[in-house]
Chemist: 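This structure is in structure tokens; I'll ask about it shortly.
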Amino acid sequence: MSTETPLELKKTLNLPKTGFAQKANLSQSEPARLKKWAEMNLYDLIRRSREGREKFILHDGPPYANSDIHLGTALNKILKDIVVKSRTMMGYDAPYVPGYDCHGLPIELYVERKLGEKKAQMPATSIRRACREHAAAALKSQTRDFQRLGVLGLWENPYLTMSNQYEAETARLFGRFVERGYVYKGARPVYWCIHDQTALAEAEVEYAEHTSPSVYVKFPLSDETLDGKAFKRELLGSEDDPRRVFFLIWTTTPWTLPANLGIAVNPAFEYAAIESGGEVYVVAAELVEAVTEKCGLSAPKVLARFMGAKLDRLEARHAWLDRPSLLMLGDHVTLGGEADAETELDVKEARDRKGTGKAGTGLVHTAPGHGHDDFVIGKAYGLDIYCPVDNAGRFTPEVEHFAGQRVFEANPKIVEFLRESGALLFSENYAHRYPHCWRCKNPVIFRATPQWFISLDALSADAQQFEQDDDGRDRTNYTDNEEGAPESLRDGALREVERVEWVPAWGEDRMRNMLRGRPDWCISRQRVWGVPIPAFYCDACGEAVADPSVIKHVTDIFERESSDAWYTRETKDLLPENFMCPKCGASGWTKETDILDVWFDSGSSSIAVLEKYEGLSWPADVYLEGGDQYRGWFNSSLMVGLAVHERAPYRAVLTHGWLLDGQGKAMHKSGGNAISPNDVIKESGAEILRLWVASSVYYEDMSCSPDILQRAADAYRKMRNTARFALGNLDGFDPERDRVALPELPELDRWALAELDTVIERVLEAYKAYEFHTVYHALYNFCTVTLSARYFDIIKDRLYTYAPKSHARRAAQTALFEIADALARLLAPILVFTADEIWENLPSSKPEGDQATATTASVHVADFPLASGARDAGMLARWTRLFEVRDVVLRSLEEARVAKLIGSGLEAKVRLDVSRDVYELLQHYRDELRYIFIVSQVDLSIAENGATEPVRVSVVRADGEKCERCWTYSEHVGASTRYPTACERCTAALAEIEAGEDA
RNA sequence: CGCGGCGUAGCUCAAAGGCAGAGCGUUCGCUUGAUAAGCGACCGACGAGAGGUUCGAUUCCCUCCGCCGCGACCA
């Protein structure tokens with residue numbers, strides 16, 4: 001026994017002590033940790049640690065290198081990082097090579113605006129240089145932002161679609177499509193922006209409200225032709241009848257009337273000839289009433305009814321030009337769906353105070369140069385693809401009356417002209433959704449111009465021919481299509497769609513529908529900032545030549561000099577020597593001026609990146625992008641994959657939803673409801689953003705608002721404090737030396753470890769299934785309920801008051817260590833900074849600078865934890881019941897508190913009257929109950945017969961005095977002379993401590 | 001107009017053809033040895049439909065409404 005003076009009681013407690021700060025101060029600590037990671041080359045360290053493991057490739061879809069990142073980009077990158085890190089910790093070698101989409105119109109337009117007037121005089125090379133600089137600056141700043149989010153990857157060597165190698169590969173892949181016979185040059189109507197003067201891809205138009213003039217125009221029947229005469233005779237009895245017959249068409253684009261070459265009717269619809277004011281009009285029978293009302297036809301009389309098929313190949317005359325307009329049959333002709341939805345439309349239109357909702361005549365004005373359906377039917381009937389509109393949207397000189405005018409400005413003049421000439425029956429303003437350019441927001445037009453296309457339906461017969469890479473690697477193992485049967489891109493795509501795993505599952509339908517309906521891919525753009533289409537035109541015969549051997553020659557130059565060579569070098573330098581026109585044998589050439597669609601650039605990435613970077617391989621395991629990429633990158637990548645390997649470039653495609661604000665409205669930069677990720681980082685830290693991402697179901701639309709972020713910040717603090725409590729109580733614990741074996745742990749500690757096992761399994765399963773919100777909820781719930789409210793609260797007494805080295809305390813620490821270690825690992829993919837910080841503060845018996853630093857250096861090099869095997873169904877069931885009883889007790893304590901009987905729970909003595917079966921359970925834990933309930937005393941007895949509830953609780957003041965040291969009430973306080981204010985438990989602990997000090 | 005998705009407490013998520021759960025937040029209280037912390041209690045919801053199937057529907061079907069996305073047509 002010690003003879004020294006008694007110890008100061010409060011100082012003998014083992015209160016938590018740790019370097020793990022309560023306040024995270026993320027806006028400062030995150031950059032510091034990033035710096036540390038950079039210094040230790042963490043990404044390389046991880047790569048080396050995973051060498052030889054099974055690969056898991058997430059292929060990064062390149063964000064557009066144009067401006068600062070927005071919340072959507074941040075969300076995208078964070079999700080990818082969570083995938084990569086979680087797969088890494090599952091044991092895969094999961095490299096991450098980020099990329100940037102550098103070419104394209106948005107940058108070119110930005111540069112153009114900046115250059116202003118000067119641009120006109122500048123050569124293409126100068127503009128391209130400016131674009132290149134802009135992209136380089138933007139991607140540099142984006143890289144900084146992405147890294148700041150805690151995303152690990154090969155940031156020092158990302159792929160850039162504007163690098164020499166990438167540009168060369170892009171051009172080379174164009175060559176692949178050529179070789180396969182998928183590429184053709186033709187005139188088809190494509191979306192055309194008259195402001196930016198370029199063709200647009202489908203993905204580049206957006207629909208917006210637009211008001212157009214809606215006009216009803218009459219085209220006279222040509223009674224010169226035999227058929228026309230016969231038709232008139234049938235209708236009116238005599239071909240000499242003075243009444244003239246007109247076909248009544250409706251359009252909202254009067255400017256396309258000069259290009260009218262025909263009128264389409266539906267063969268299955270009934271049409272009627274109606275007479276009014278001495279003229280006869282043909283309209284769809286169902287629309288007679290609507291049309292007469294609209295056009296103010298007085299006393300209309302139906303003369304005849306007949307099917308549309310009857311009109312086939314009749315000839316009308318153009319409304320004002322001396323030119324025929326052919327009647328044609330097409331199923332695309334509708335009645336506008338108006339019949340079914342009149343009420344609905346009337347309401348909507350009335351709101352707009354425009355139009356009345358009934359439009360159309362059942363006869364469709366057809367201009368094959370200005371519409372998709374028009375083009376198709378015009379082709380079928382052998383019409384010209386006539387498009388008298390130039391790049392700037394001006395009528396060409398051949399257009400009478402309107403030459404030189406811009407189409408949208410000509411609209412009212414054409415209407416006026418029609419009115420004066422008497423061809424117009426009615427006009428009004430018509431509000432509808434109309435395609436607009438995604439960049440400049442101006443309305444676009446449909447315009448037939450010569451463009452390069454990739455055919456979706458052309459068959460490629462030479463499927464096996466180039467299943468060899470330039471380096472001779474055999475590629476045939478990639479394909480299923482063993483017979484090498486001819487297959488179109490569309491068919492191949494539809495086949496591959498079924499093999500891919502889509503998350504969520506409905507993505508498959510969406511992709512399939514998109515692929516079924518899409519037209520040929522227009523890949524040429526009349527711009528300069530992109531990869532030039534490596535094609536030439538024969539000066540002698542005008543033949544457009546895209547030849548594989550020429551393309552190879554060109555791409556070799558690109559590889560060395562970048563695609564700038566196309567502009568800096570002379571044509572002869574770009575062609576193989578003595579290259580002659582395959583058609584006419586001439587050798588004078590002019591280079592193509594169009595560039596490739598940027599979707600072709602990014603679509604090339606699977607080949608240009610996965611097959612070129614060391615450590616990557618084709619195909620990717622996962623693509624992960626927003627839902628807008630179904631028709632964008634998922635689609636273009638699929639086309640390239642098919643052209644090269646006849647396979648999809650991805651095994652699985654995950655999509656995330658759209659960002660909405662707190663009210664569920666779409667988040668738009670212009671809508672004023674956008675949240676800037678950089679602001680959030682500055683104020684709260686990237687961890688908060690990451691935690692928000694993890695907490696939401698990302699494959700649906702996600703809401704974000706200051707309030708929602710506040711919830712994430714709250715959750716962060718709770719998890720941080722939970723970890724801090726564990727770390728604080730591990731002070732002085734050496735896992736090697738002090739760990740208590742599982743069978744020797746008190747049951748409560750084994751229960752905690754069993755709960756941990758459950759969490760580990762749930763979390764790992766959720767990571768595997770990419771369900772990060774389940775990870776979040778499982779971990780958060782574990783922290784709040786299992787740990788903070790239950791386990792930690794109960795073991796506090798043991799941790800603080802028992803002798804530091806006592807078995808009971810070491811047992812709790814053993815569990816705490818396992819818990820903290822597992823928490824760090826399980827949280828690591830989400831809370832990348834904090835998990836690492838927990839990891840650092842875990843006690844370790846390893847001396848500093850030990851060789852084992854590979855895993856000790858950072859949690860991100862470690863693996864996920866394994867379940868410890870502490871689970872025991874019987875034990876878990878018992879504890880579930882014990883906690884139910886505890887809940888009842890806590891409620892009673894609360895009542896006693898309200899009644900001012902007690903304050904702290906330790907002031908209470910709890911009497912339990914319980915049913916026999918509950919008693920059976922509780923009596924085994926008789927001595928534990930006071931700790932489980934956190935009270936000073938517990939009396940347990942079987943309830944007398946007739947008790948209704950299984951557990952009845954009464955609360956009274958605890959017996960005895962409050963122990964100064966542990967705050968429990970005990971009748972033994974005062975029994976010790978050395979420590980007169982301490983209870984019997986504390987007296988014993990103090991003796992142990994004093995003995996320990998001597999030792 | 002067509003197609004697809006979504007709609008469960010203030011927020012984020014569960015579950016299930018049979019009493020709708022959790023955590024957070026709010027409110028109230030306790031504690032002051034996790035302290036710009038900790039514990040407890042209370043309050044709180046199935047978008048609408050006297051629609052259909054069913055003994056029973058929030059769940060399955062239909063209609064409507066709202067939100068989100070995509071597309072078509074009007075050339």
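To find a chain, count down the sequence lines: A is the first, B the second, and so on, and within it residues start at 1. Just so it is clear, the structure is predicted and the values come from calculations on it, not from any experiment.
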Chemist: Run the salt bridge (charged side-chain N to carboxylate O under 4.0 Å, His left out) test on A/Glu508 and A/Arg512 for me, step by step, so that the C-alpha distance in whole Å, both residues' side-chain angles and the decisive distance to 0.1 Å come before the verdict.
Modeler: CA-CA 6 Å; A/Glu508 181 173 339; A/Arg512 188 181 292 118; 2.6 Å; yes
Chemist: In whole angstrom, give the distance that lies between atom CG of A/Asn14 and atom P of B/rA34.
Modeler: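 So the CG-P distance, A/Asn14 to B/rA34, works out to 13 Å.
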Chemist: When you compare B/rA16 with B/rA50, how far apart are their P atoms, in angstrom units rounded to a whole number?
Modeler: 29 Å
Chemist: Describe the nucleic acid contact of A/Trp692 in one word from base, sugar-phosphate, nothing, applying a heavy-atom distance below 4.0 Å.
Modeler: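 A/Trp692: no heavy atom of the nucleic acid under 4.0 Å.
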Chemist: Compute whether any side-chain donor of one residue and acceptor of the other, for A/Thr834 and A/Tyr716, lie under 3.5 angstrom apart.
Modeler: yes
Chemist: Between the side chains of A/Glu8 and A/Lys11, is the shortest nitrogen-to-carboxylate-oxygen separation below 4.0 Å, so that they form an ion pair?
Modeler: yes
Chemist: Kindly confirm whether the side-chain ring of A/Trp967 is stacked on the base of B/rG33, judged by centres under 5.5 Å and planes under 30°.
Modeler: yes
Chemist: Could you pull out all donor-acceptor pairs under 3.5 Å where a side-chain atom in residues 775-789 of chain A meets a protein atom, sequence neighbours excluded?
Modeler:
{"unit_1": "A/Thr784", "atom_1": "OG1", "unit_2": "A/Tyr780", "atom_2": "O", "d": "3.1"}
{"unit_1": "A/Thr784", "atom_1": "OG1", "unit_2": "A/Asn781", "atom_2": "O", "d": "3.2"}
{"unit_1": "A/Ser788", "atom_1": "OG", "unit_2": "A/Lys718", "atom_2": "NZ", "d": "3.0"}

Chemist: At under 4.0 Å between heavy atoms, what does A/Thr252 touch on the DNA or RNA strands: base, sugar-phosphate, or nothing?
Modeler: base
Chemist: Touch check for A/Gly627, heavy atoms < 4.0 angstrom, all strands: base, sugar-phosphate only, or nothing?
Modeler: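 Answer is nothing: A/Gly627 stays at 4.0 Å or more from every strand.
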Chemist: Taking the P atom in each of B/rU53 and B/rG23, what is the distance between them to the nearest angstrom?
Modeler: 40 Å
Chemist: Would you indicate which nucleotide in B/rG69, B/rC68, B/rA34 comes nearest to any side-chain atom of A/Arg510?
Modeler: B/rG69
Chemist: Picking from B/rC67, B/rU31, B/rA14, which would you name as closest to the side chain of A/Ser904?
Modeler: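 Ranking B/rC67, B/rU31, B/rA14 by closest atom to the A/Ser904 side chain puts B/rU31 first.
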Chemist: Could you check whether A/Asp509 pairs with A/Arg516 (Lys NZ or Arg NE/NH1/NH2 to Asp/Glu carboxylate O, under 4.0 Å)?
Modeler: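 Result for this pair is no, no salt bridge flagged.
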Chemist: Rounded to whole angstrom, note down the C1' distance from B/rC43 over to B/rU27.
Modeler: 8 Å
Chemist: Looking just at side-chain N and O atoms, do A/Thr12 and A/Arg965 make a donor-acceptor pair shorter than 3.5 Å?
Modeler: yes
Chemist: Does one side chain, of A/Ser705 or A/Asp661, offer a donor that lies under 3.5 Å from an acceptor on the other?
Modeler: no
Chemist: If you find the nucleotide of RNA chain B closest to A/Gln663 and the one closest to A/Arg965, which residue's nucleotide is nearer the 5' end?
Modeler: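 Closest to the 5' end, via its nearest nucleotide, is A/Arg965.
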Chemist: Taking atom types as they are modelled, would you say the side chain of A/Thr722 forms a donor-acceptor pair with the base of B/rA34 within the 3.5 Å cutoff?
Modeler: no
Chemist: Under a plain distance cut-off of 3.5 Å, with no hydrogens placed, do A/Thr256 and A/His365 share a side-chain donor-acceptor pair?
Modeler: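 Distance-only check passes for A/His365 and A/Thr256.
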Chemist: Expressed as a whole number of angstroms, how long is the span from A/Asp793:CG to B/rG33:C1'?
Modeler: 12 Å
Chemist: Between A/Tyr630 and B/rG4, does any side-chain N or O lie under 4.0 Å from OP1 or OP2?
Modeler: no
Chemist: Whether A/Gln22 contacts B/rA36 is assessed here as follows: a side-chain N or O lying under 4.0 Å from the phosphate OP1 or OP2. Is that the case?
Modeler: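 For B/rA36, OP1 or OP2 has a side-chain N or O of A/Gln22 closer than 4.0 Å.
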Chemist: Atom NE2 of A/His370 and atom C1' of B/rC73: how far apart are they, to the nearest Å?
Modeler: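 The distance from NE2 of A/His370 to C1' of B/rC73 comes to 18 Å, rounded to the nearest Å.
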Chemist: What nucleic acid atoms does A/Leu13 come within less than 4.0 Å of, heavy atoms only: base, sugar-phosphate, or nothing?
Modeler: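 Here A/Leu13 touches the bases of the nucleic acid.
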Chemist: What nucleotide, of B/rC74, B/rG33, B/rC68, holds the atom closest to the side chain of A/Leu660?
Modeler: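 The closest nucleotide is B/rC68.
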Chemist: Given atom CD1 of A/Ile377 and atom P of B/rC73, what is their separation to the nearest angstrom?
Modeler: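 Rounding to the nearest Å, CD1 of A/Ile377 and P of B/rC73 are 13 Å apart.
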Chemist: Write down the distance between CE (A/Met667) and P (B/rC67), rounded to a whole number of angstrom.
Modeler: 17 Å
Chemist: Would you indicate what A/Ser705 reaches in the nucleic acid, counting non-hydrogen atoms under 4.0 angstrom: base, sugar-phosphate, or nothing?
Modeler: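 Contact class for A/Ser705: none.
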Chemist: For B/rG47 versus B/rU54, give the span between their P atoms, rounded off to a whole number of Å.
Modeler: 24 Å
Chemist: Applying salt bridge (Lys or Arg N to Asp or Glu O under 4.0 Å), can you list everything that pairs with A/Asp628, at least two apart in sequence or on another chain?
Modeler: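 Once residues adjacent in sequence are excluded, A/Asp628 has no partner under the salt bridge (Lys or Arg N to Asp or Glu O under 4.0 Å) criterion.
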Chemist: Has A/Lys23 got a side-chain N or O lying under 4.0 Å from the OP1 or OP2 atom of B/rA36?
Modeler: no
Chemist: Taking the six-membered ring for Trp, are A/His370 and A/Trp255 parallel (under 30°), tilted (30 to 60°) or perpendicular (over 60°)?
Modeler: perpendicular
Chemist: Using the P atom on both, measure B/rG69 against B/rU35 and round to a whole Å.
Modeler: 46 Å
Chemist: Taking the side chain of A/Arg891 as its heavy atoms from C-beta onward, which of B/rA37, B/rA41, B/rC68 lies nearest to it?
Modeler: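 Nearest to the side chain of A/Arg891 among the choices is B/rA41.
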Chemist: With rounding to the closest Å, how many angstrom separate the P atoms on B/rA57 and B/rA14?
Modeler: 26 Å
Chemist: Within this structure, what is the CG-to-P distance between A/Leu901 and B/rG29, rounded to whole angstrom?
Modeler: 18 Å
Chemist: Going by number, which of residues 255-265 of chain A have a non-hydrogen atom under 4.0 Å from RNA chain B?
Modeler: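 Of all residues in residues 255-265 of chain A, none places a heavy atom under 4.0 Å from RNA chain B.
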Chemist: For RNA chain B, what are the stems built from at least three Watson-Crick or G-U pairs in a row, each pair having both distances below 3.5 Å?
Modeler: B:1-7 with B:65-71, B:10-13 with B:21-24, B:27-30 with B:38-41, B:47-49 with B:62-64
Chemist: Is the distance from the ring center of A/His318 to that of A/Phe219 below 6.0 Å?
Modeler: yes
Chemist: Considering only the C1' atoms, how many Å lie between B/rA48 and B/rC65, rounded to the nearest integer?
Modeler: 7 Å
Chemist: When all nucleic acid strands are considered with a 4.0 Å heavy-atom cut-off, which category describes A/Ser703: base, sugar-phosphate, or nothing?
Modeler: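 Answer is sugar-phosphate: A/Ser703 comes under 4.0 Å of backbone atoms only.
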Chemist: Between the protein and nucleotides 19-26 of chain B, which nitrogen or oxygen pairs are less than 3.5 angstrom apart?
Modeler:
{"unit_1": "B/rA22", "atom_1": "O2'", "unit_2": "A/Asn781", "atom_2": "OD1", "d": "3.0"}
{"unit_1": "B/rA22", "atom_1": "O2'", "unit_2": "A/Asn781", "atom_2": "ND2", "d": "3.4"}
{"unit_1": "B/rG23", "atom_1": "O4'", "unit_2": "A/Asn781", "atom_2": "OD1", "d": "3.1"}

Chemist: Suppose you measure atom P in B/rC74 against the same atom in B/rC6; what distance do you get, rounded to whole Å?
Modeler: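 Pairwise P distance, B/rC74 against B/rC6, rounds to 31 Å.
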Chemist: Sequence neighbours excluded, which residues qualify as salt bridge (Lys or Arg N to Asp or Glu O under 4.0 Å) partners of A/Glu625?
Modeler: A/Lys80
Chemist: Closer than 4.0 angstrom, basic N to acidic O: yes or no for A/Glu755 and A/Arg790?
Modeler: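 Not counted as a salt bridge, because no side-chain N and carboxylate O are separated by less than 4.0 Å.
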Chemist: For the pair A/Glu765 and A/Arg762, find out whether any cationic side-chain nitrogen is under 4.0 Å from an anionic carboxylate oxygen.
Modeler: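 So A/Glu765 does not pair with A/Arg762 through a salt bridge.
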Chemist: Rounded to the nearest angstrom, tell me the gap between atom CG in A/Leu816 and atom P in B/rA34.
Modeler: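 Checked: the CG to P distance equals 14 Å.
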Chemist: Describe the nucleic acid contact of A/Gly728 in one word from base, sugar-phosphate, nothing, applying a heavy-atom distance below 4.0 Å.
Modeler: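 Touches nothing.
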Chemist: Would you indicate what A/Lys796 reaches in the nucleic acid, counting non-hydrogen atoms under 4.0 angstrom: base, sugar-phosphate, or nothing?
Modeler: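 Result for A/Lys796 = base.
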Chemist: Take the protein atom CG of A/Asp509 and the nucleotide atom P of B/rC6, then report the distance between them rounded to whole Å.
Modeler: 12 Å
Chemist: Using a heavy-atom cut-off of under 4.0 Å over every strand shown, decide if A/Ser696 touches base, sugar-phosphate, or nothing.
Modeler: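 Since only primed, P, OP1 and OP2 atoms lie under 4.0 Å of A/Ser696, the category is sugar-phosphate.
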Chemist: Which part of the nucleic acid does A/Glu508 contact within heavy-atom distance under 4.0 Å: base, sugar-phosphate only, or nothing?
Modeler: nothing
Chemist: Quick one about A/Glu837 and A/Asn841 (side-chain donor to acceptor, distance below 3.5 Å, no hydrogens or angles considered), yes or no?
Modeler: no
Chemist: Relative to the 5' end of RNA chain B, which residue comes earlier, A/Arg790 or A/Trp506, by the nucleotide with the nearest heavy atom?
Modeler: A/Trp506
